[in-house]
Trainee: 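The following block contains the structure, expressed as structure tokens.
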Amino acid sequence: MSERELNRIEVLSQLSQGRMTATTAANVLGLSRRQVHRLLKKFQTDGPAAI
């Protein structure tokens, strides 16, 4: 996995655990809140393989 993918997994796991808000995650990843929610939904169903 690339550094970018590992960073996304870390941020999404913090988001799913409630340790980070969607707005903060969007800023960290350079995405919109809507894109973060889409990624989170896929991450929660498929796990890290979704990234």
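Both backbone and side-chain heavy atoms feed into the values below; hydrogens, waters and symmetry mates do not. If you read the sequence from its start, that first residue is 1, and numbering goes on from there.
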Trainee: Nearest heavy-atom pair of Ala26 and Val36: which atoms, and what distance?
Mentor: CA-CG2, 3.6 Å
Trainee: Decide yes or no on side chain to side chain contact (heavy atoms under 4.5 Å, CB included) for Leu29 and Gln35, but give the supporting numbers first.
Mentor: CA-CA 10 Å; Leu29 297 175; Gln35 287 173 310; over 6 Å; no
Trainee: For Leu15 and Ala22, work out which heavy atoms get closest and say how close.
Mentor: CD1-N, 3.5 Å
Trainee: Can you tell me how far apart OG1 (Thr21) and CZ (Arg33) are? Round to the nearest 0.5 Å.
Mentor: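 CZ of Arg33 is found 8.5 Å from OG1 of Thr21.
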Trainee: Test side chain to side chain contact (heavy atoms under 4.5 Å, CB included) on Ile9 and Phe43; report intermediate values, then the result.
Mentor: CA-CA 8 Å; Ile9 290 170; Phe43 179 73; 4.1 Å; yes
Trainee: A quick test of your reading: do over 12 heavy atoms of other residues, nucleotides or ligands sit less than 6.0 Å from CZ of Arg19?
Mentor: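 Yes, CZ of Arg19 has more than 12 neighbouring heavy atoms, counting only those of other groups under 6.0 Å.
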Trainee: Would you find more than 12 non-hydrogen atoms of other residues, nucleotides or ligands less than 6.0 Å from Glu3 atom CD?
Mentor: no
Trainee: How far apart are the closest heavy atoms of Leu39 and Ile51, and which atoms are they?
Mentor: CD2-CD1, 4.1 Å
Trainee: In Å, rounded to the nearest 0.5 Å, how long is the span from CD of Gln14 to CG of Leu12?
Mentor: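 The CD atom of Gln14 sits 9.5 Å away from the CG atom of Leu12.
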Trainee: What is the minimum heavy-atom distance between Val11 and Met20, and which atoms define it?
Mentor: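 Shortest heavy-atom contact: CG1-SD, 3.6 Å.
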Trainee: Do Ser13 and Ser16 have side-chain atoms, one donor and one acceptor, less than 3.5 Å apart?
Mentor: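 Note: Ser13 and Ser16 side chains miss the donor-acceptor criterion.
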